[in-house]
Amino acid sequence: MTQILNVEGASKSFGGVVANEDISIKVNQGEIVGLIGPNGSGKTTLFNSIVGTHIIDGGTILFEENDITNFTIPSIARLGLLRTFQKTKIYGDINCMKNMRISIPHEEENILTMFSKIPPEEDRRAEDLLKFVGLYEKRFLRAGELSFGQQKLLEFAMALMNKPKMLLLDEPTAGINPTLINSLIERLKTANKEFGITLLVIEHNMRVIMNLAERIYCLAHGKLLAEGSPADIRNNSKVIDAYLGAQ
């Protein structure tokens, strides 16, 4: 299998506090990989490092063999590596279609391009993606009026609008009504299989991640604790202790 992401020995500290220490993970093209661990284990810090929010103190990050260790967020995004957030990053004061239009990728780092004339085919693609996430009927509704779960679906559609090769999803089911979770899981699987998007997913809902991921990495105290199949992780005593505490 072709490797799409290779994090080697990533370390990051903040004011003397070690958030990530010598973490190495690999993701193959077309995989769905989980990233789990207790609160404070360093998962979001690792995500932030991968997409360029901050620069790691040591190690390397390769995306499709490009060394992106010191790349900026826009430069990494243009390569096709994007992320979503625990708290949605939508534009609440404008409608869903306008949110989608803002998400159209542009070659230049120029905010004015976001407000240029939208080609008809891009509008059609925006509508198709809103249908895909179940928000087509709300496409002219102000995004801030959506439920939190619907806002997460909109953020997912906005990310897909950017035509990513790989998506990093930070707790996609957190705060979502349980009735929407199964639907979201199926949409993530469809995006992976039909759109060919590789997924790396932080998730605290163990039922979700065990059903979604092919492989799972577990962090604890900023270090890589375990890696394996869902069955391997489910039965790993170190993982159980990290979540429940040694008995």
Side-chain angles (χ1 to χ4, degrees), residues 27 29-37 39 43-44 47 51 80-92 94-104 122-217 229-231 233-234:
V27 180
Q29 188 172 350
E31 275 192 306
I32 301 178
V33 175
L35 184 63
I36 66 171
N39 289 330
K43 304 181 299 297
T44 297
F47 263 29
V51 299
L81 177 57
L82 300 172
R83 69 163 295 182
T84 64
F85 296 83
Q86 292 178 19
K87 295 182 179 179
T88 56
K89 300 287 186 180
I90 62 167
Y91 302 93
I94 60 177
N95 67 39
C96 295
M97 274 297 290
K98 288 181 179 178
N99 270 269
M100 296 296 287
R101 289 166 178 160
I102 286 174
S103 302
I104 295 171
E122 292 290 359
D123 258 357
R124 287 193 294 271
R125 190 163 68 89
E127 290 179 343
D128 288 342
L129 287 172
L130 288 174
K131 287 177 185 176
F132 173 66
V133 299
L135 293 177
Y136 179 75
E137 300 300 326
K138 299 181 184 296
R139 64 192 183 282
F140 297 123
L141 183 70
R142 192 171 64 87
E145 296 178 34
L146 299 174
S147 71
F148 183 69
Q150 291 170 334
Q151 289 180 17
K152 284 209 163 187
L153 290 170
L154 175 60
E155 185 185 37
F156 179 44
M158 290 167 66
L160 295 179
M161 196 71 185
N162 272 274
K163 302 179 182 178
K165 297 175 183 176
M166 182 173 183
L167 263 180
L168 278 56
L169 302 167
D170 197 345
E171 296 195 43
T173 69
I176 291 183
N177 186 310
T179 59
L180 282 178
I181 288 179
N182 287 338
S183 176
L184 177 58
I185 292 173
E186 290 309 309
R187 287 184 172 105
L188 292 176
K189 289 181 175 180
T190 299
N192 172 251
K193 296 297 182 185
E194 295 186 13
F195 301 164
I197 300 172
T198 304
L199 302 177
L200 179 61
V201 185
I202 292 176
E203 184 55 68
H204 278 294
N205 186 321
M206 297 303 286
R207 180 185 69 82
V208 169
I209 203 64
M210 293 295 171
N211 183 33
L212 183 63
E214 302 161 50
R215 291 189 301 116
I216 299 172
Y217 288 97
S229 68
I233 295 297
R234 186 183 295 113

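The structure presented is a predicted model; accordingly, all values stated were derived computationally and were not measured.
- Contact record, Val201 with Ile209: O-CD1, 3.9 Å, taken as the closest heavy-atom pair.
- In this structure, Glu122 does not pair ionically with Arg101, as no charged nitrogen and carboxylate oxygen lie closer than 4.0 Å.
- If you check the side chains of Asp170 and Thr44, you find a donor sitting under 3.5 Å from an acceptor.
- Atom OG1 in Thr173 sits 6.5 Å away from atom NZ in Lys152 (nearest 0.5 Å).
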(request) Please test Leu168 against Thr84 for side chain to side chain contact (heavy atoms under 4.5 Å, CB included), starting from the C-alpha separation and ending with a verdict. (result) CA-CA 6 Å; Leu168 278 56; Thr84 64; over 6 Å; no

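- Note that CD1 of Ile90 and CG of Leu153 are 11.0 Å apart. Values are rounded to the nearest 0.5 Å.
- Pro172 is listed as a side-chain neighbour of Leu184, based on a closest heavy-atom distance under 4.5 Å.
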(request) Please step through side chain to side chain contact (heavy atoms under 4.5 Å, CB included) for the pair Phe47 and Leu35, ending with a clear verdict. (result) CA-CA 10 Å; Phe47 263 29; Leu35 184 63; 3.9 Å; yes

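- A donor-acceptor pair under 3.5 Å is absent between the side-chain atoms of Asn162 and the main chain of Pro164, judged by distance alone.
- Looking at Leu169 and Arg83, their side chains never come closer than 4.5 Å, going by heavy atoms from C-beta outward.
- A salt bridge links Glu145 to Arg142: at least one charged side-chain nitrogen sits closer than 4.0 Å to a carboxylate oxygen.
- One finds the CG atom of Leu129 at 11.0 Å from the CG atom of Leu135 (value rounded to the nearest 0.5 Å).
- Side-chain contact between Leu154 and Leu130: present, with at least one pair of heavy atoms (C-beta onward) separated by less than 4.5 Å.
- Here the shortest heavy-atom pairing between Pro230 and Ala213 reads CG-O, 3.3 Å.
- The shortest heavy-atom contact between Gln151 and Gly144 is NE2-O, 3.7 Å.
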(request) Start with the C-alpha gap between Lys189 and Glu194, add the side-chain angles, then the distance that decides, and say whether side chain to side chain contact (heavy atoms under 4.5 Å, CB included) holds. (result) CA-CA 8 Å; Lys189 289 181 175 180; Glu194 295 186 13; over 6 Å; no

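- Residue Asn192 holds its CG atom at 5.0 Å from CG of Leu199, rounded to the nearest 0.5 Å.
- Between the CG atom of Asn182 and the CG atom of Asn211 there is a distance of 7.5 Å, given to the nearest 0.5 Å.
- Atom CD of Glu186 and atom CD1 of Ile181 lie 13.0 Å apart (nearest 0.5 Å).
- With sequence neighbours left out, Phe195 forms a ring-ring contact (aromatic ring centres under 6.0 Å, His included) with Phe132.
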(message) Checking Glu31 against Leu200 for the side chain to side chain contact (heavy atoms under 4.5 Å, CB included) test, could you report, in this order, the C-alpha distance in whole Å, the side-chain angles of both residues, the deciding distance, and whether it holds?
(response) CA-CA 8 Å; Glu31 275 192 306; Leu200 179 61; over 6 Å; no

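- For Glu203 against Ile36, the heavy-atom pair with the smallest separation is O-CG2, 3.6 Å.
- Of the charged side-chain nitrogens involved, none lies within less than 4.0 Å of a carboxylate oxygen, so that Glu127 and Arg124 do not count as a salt-bridged pair.
- Environment of NZ in Lys193: sparse, with no more than 12 heavy atoms of neighbouring residues, nucleotides or ligands closer than 6.0 Å.
- The closest side-chain heavy-atom distance from Glu214 to Val33 is not below 4.5 Å.
- Partners of Lys131 according to the side-chain contact (heavy atoms from CB on, under 4.5 Å) rule, which considers only residues two or more places apart in sequence or in another chain, are Asp128, Tyr136.
- Side-chain contact between Tyr91 and Met158 is present, with at least one heavy-atom pair separated by less than 4.5 Å.
- Using a 4.5 Å heavy-atom cutoff, the side chains of Ile197 and Leu160 are in contact.
- Formation of a donor-acceptor pair under 3.5 Å by the Ser183 side chain with backbone atoms of Thr179 is not found in this model.
- Using a 4.5 Å heavy-atom cutoff, the side chains of Val27 and Thr198 are in contact.
- For the pair Asn95/Arg139, no side-chain contact is recorded, criterion being any heavy-atom separation below 4.5 Å from C-beta on.
- When all heavy atoms of Gly149 and Ile176 are compared, the pair lying nearest together is CA-CG1, 3.8 Å.
- Across every non-hydrogen atom of Leu167 and Ala159, the tightest pair is CD2-CB, 3.7 Å.
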